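Structure, as structure tokens:
Everything numeric here is computed off the predicted structure, so don't read it as measured data. Just so you know, these numbers use all the heavy atoms, side chains as well, and skip hydrogens, waters and symmetry mates.
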Amino acid sequence: MRWRLSTFLVLLFPLAPLRAQSPQDRLTLDRFRDSLAAVRDTTALRTLTRSLTRLRSADPAISLRAALAALRLAALGVDADAGRARDELRRLTKRQPGWPLAWHALAEAEVRRAGWERANPLALGNRVGTGALERAIDYERRALLADPGFAPAALSLTELAVSLHDTALYAPARDALRRVSPSDGALAADLLLARGRLERATGETDSAIAAFARAAASGERASEALARLELARTRLAAGASGEDSAYFAAAATDDSAVVAGYRADLSPIATDSQLAGFDAAAGESRAAFVRRFWTDRDQAELRRDGERLREHYRRLLYARRHFALTVWRRFYGGNDAYRSGSEELDDRGVIYVRHGEPRARLQPFVFGLMPNETWRYDRADGDLLFHFSAGYDDAGGGDLYDYRLVESVLDLHGAGDATVDELLLSRESVSPLYGRMLHWGPNGAARARGHERGIGRASIHYGTSTDTYERQFARRLTAFADLVAIGSRGGQPLAHFVFGLAPAETTPTLEADGARYAVRVSLVALDRAEHAVARSDTTLQFLLARPLAPGEYLIGRVEVPMPPGSWVWRAALEQGPDAGVVLPRDTVRVAPAPPGLSLSDLALGVRAASARWEASPGDTVLLTPFDLFVEGREIELYYEAAGVRPGTAYRHQIAVFRMRGAEDRVDQRPVVSLAFEEPASGEVIRAHRTLQLRKLKPGAYVVEVKVLESDGRTESRRRAFRVIKQERSRR
């Protein structure tokens, strides 16, 4: 009896002719569809569909009801490709081309068909279902031609255009939405959101902002929160400052669509553990998590607050415009070097969102090769080199519209059919390595090829597991630097960033009393989770009697309070907006505070090229940024032993060992050594010693200091340096 009752409820709706699809007609049909949505009895629906089909010749409105019932059967798994509904609706649209609901229902049937095709494992190809979706877009356009104000078709058109990632579809869909002005509040807000997304996707930023602002002020609570997020996203992508607070405030909203939006934005660069932390947070704690996520990145990249956030949304927008995937299935093969799993962006988009604009980008044409690109990023810790190849071969997946990462130019699709000389010469401008692969003879070329592949493999691993926004400068300063952890201020341990700038690329300001150099110094110390534990951002002013001459250096020091522990540090030096350098990452170990014996870093200095620091009144320490010292000279060595007992004697052992080989193996026997005992006059021993380099031949060395307590406890530190010939220093 259940199916009869369901069928009876459906048939309660009038079958009177609907001569035109007026608002009242559509309301009647909406009620009919609502009643269908409540029916799950497929037998009753079949009976209803057959009954309506027999009557459809008398009235096209009955034909529309029959098609809607067939669509419901498709949704319940009967006639899963919606073939019956599509056939019925094609006949109806020919009979009544002015009915927007018929075109809209036909588009729904094509969407159902696309889903059926994509779920079929026997359907081959990377664009399975795309044809059906493109037809659905065309039918929604026809619905809007029949009635420019038909909002359901406008919303569906937007969703379909965006889902295909085909930028050519965006502008027509946007223009269609501009003509729709519904009066219903909730529907109007949804349409404004949809229009804003298309305006943004087509580069109409001001129009997108206006649409999102109207949606945010619509009074519809279901749309307001999402509209505020979209508004913040758009303004951030445009580079607007001052949007950070609105963006972080919206992150506290527990609306499911808003939360999903934030998660989707973080997922291209966040680690699994970070996404788990986001999922575990709620409300204000989620907003705090998001704020910390972006602040950490600003600090790690030596940037001002908000810079990384704005860059992220600029990158997302650019990648979606230029690197969107227009294929649905991504088949992978044994030669694929990386499997992103992304259904939105190809591998170029993955790298772009993580690392931004490359310093060099090649798109060469080589006969035989399928479409390909090579990108190079200049990084302080080592350049990154990426090769992307479209197309396919016998050993891999791929598609002409799907750029994939490969380890080497020799792996580009079609490389076997290309001339090797042309292939390597096409990349010579991005790296001299390709000239070596071509010209170094069989053995040298083989080594160069192995090196090139190793760089590609390492770049893929690093590039797909990290994200960066390293500062770039038009003119690169020549700099030497070191971070030395010695001393304290007010009980807080100190680290001293000491640097030397060569005159090359520096630009002084000439004044009446000399030449002035203004140098901005940015430094950050990071823990293993990339959280900043110490920061400094300051500008030093140097006034010299004259500009620097060749062979001279501008030497400065910045004092940074830093907690005890082992940290990674990085720094940047800049002079004006165009000249600067980001230094490679290094490590520093700050000695723990007493109680207990601890030993500071080892500070080396020479009077001709060192910054000066007063450890205590009258006690000057020399700090040099260089690790090169001329043979036969003297080096000033300074270190501190804390946690000592006043009046107790401590044994000091100082030794210099030679390093040999490519791996800097340290000799067992010292070249120079000395030992002495010294009673502690206070709670800190400040030790000054002079190292004579007369016995040291040019080469690499390590100086080691050990401080021993009477009970056998020992603390030690090492520091590497190099000795060079006198003649080299003159050059």
Side-chain angles (χ1 to χ4, degrees), residues 1-117 132-133 135-147 150-153 155-157 160:
M1 292 296 293
R2 181 179 177 184
W3 70 269
R4 292 176 181 171
L5 179 60
S6 299
T7 305
F8 176 73
L9 290 174
V10 171
L11 291 173
L12 281 177
F13 283 89
L15 297 181
L18 301 179
R19 300 304 176 194
Q21 289 195 315
S22 66
Q24 184 58 44
D25 296 335
R26 291 177 192 166
L27 180 60
T28 301
L29 287 168
D30 286 342
R31 290 174 179 170
F32 178 75
R33 298 196 73 176
D34 289 343
S35 71
L36 288 175
V39 177
R40 303 190 63 83
D41 190 328
T42 57
T43 303
L45 281 173
R46 284 196 185 98
T47 301
L48 173 63
T49 304
R50 286 194 296 268
S51 300
L52 294 172
T53 302
R54 285 195 296 269
L55 299 172
R56 70 172 183 265
S57 60
D59 185 354
I62 298 176
S63 179
L64 180 55
R65 288 188 176 92
L68 294 176
L71 268 178
R72 178 57 182 162
L73 277 171
L76 293 174
V78 179
D79 190 26
D81 70 339
R84 177 177 294 180
R86 287 186 297 117
D87 291 343
E88 191 72 38
L89 287 163
R90 287 195 188 106
R91 285 191 293 267
L92 178 59
T93 52
K94 289 180 181 179
R95 187 177 178 185
Q96 296 291 339
W99 280 14
L101 184 54
W103 289 112
H104 178 57
L106 182 54
E108 288 186 23
E110 290 291 356
V111 171
R112 183 73 59 185
R113 168 77 182 186
W116 175 81
E117 289 178 353
L133 294 178
R135 290 193 296 272
I137 288 175
D138 182 57
Y139 297 149
E140 296 293 19
R141 286 178 183 161
R142 290 171 180 255
L144 290 171
L145 286 174
D147 182 356
F150 189 46
L155 287 172
S156 177
L157 177 61
L160 288 167

What is the minimum heavy-atom distance between [X] and [Y], and which atoms define it?
X: Ala82; Y: Arg112; result: CB-CG, 3.7 Å
X: Thr49; Y: Ala66; result: CG2-O, 4.1 Å
X: Leu68; Y: Ala105; result: CD2-CB, 4.1 Å
X: Thr93; Y: Arg90; result: OG1-O, 3.0 Å
X: Gln96; Y: Pro60; result: NE2-CG, 3.6 Å
X: Arg72; Y: Ala37; result: NH2-O, 3.2 Å

Atom [atom1] in [X], atom [atom2] in [Y]: separation rounded to 0.5 Å?
X: Arg46; Y: Thr42; atom1: CZ; atom2: OG1; result: 4.5 Å
X: Asp79; Y: Leu73; atom1: CG; atom2: CG; result: 7.5 Å
X: Thr47; Y: Leu52; atom1: OG1; atom2: CG; result: 11.0 Å
X: Leu64; Y: Leu106; atom1: CG; atom2: CG; result: 11.0 Å
X: Arg50; Y: Leu45; atom1: CZ; atom2: CG; result: 11.0 Å
X: Tyr139; Y: Ser156; atom1: OH; atom2: OG; result: 13.5 Å

Find out whether [X] and [Y] are in side-chain contact, i.e. whether some heavy atom of one side chain is under 4.5 Å from a heavy atom of the other.
X: Leu144; Y: Trp103; value: no
X: Asp147; Y: His104; value: no
X: Glu117; Y: Asp81; value: no
X: Val39; Y: Leu48; value: no
X: Leu89; Y: Glu108; value: no

Task: CA sep, side-chain torsions, deciding dist, call: Arg65, Thr28, side chain to side chain contact (heavy atoms under 4.5 Å, CB included) - done: CA-CA 11 Å; Arg65 288 188 176 92; Thr28 301; 4.2 Å; yes
Open item on the list: Assess whether a salt bridge exists between Arg142 and Asp138, defined as any Lys/Arg side-chain N lying under 4.0 Å from an Asp/Glu carboxylate O.
Closed with: yes
Open item on the list: Under the criterion salt bridge (charged side-chain N to carboxylate O under 4.0 Å, His left out), I'd like the reasoning laid out for Asp34 against Arg31: C-alpha separation, chi angles, the key distance, then a yes or no.
Closed with: CA-CA 5 Å; Asp34 289 343; Arg31 290 174 179 170; over 6 Å; no
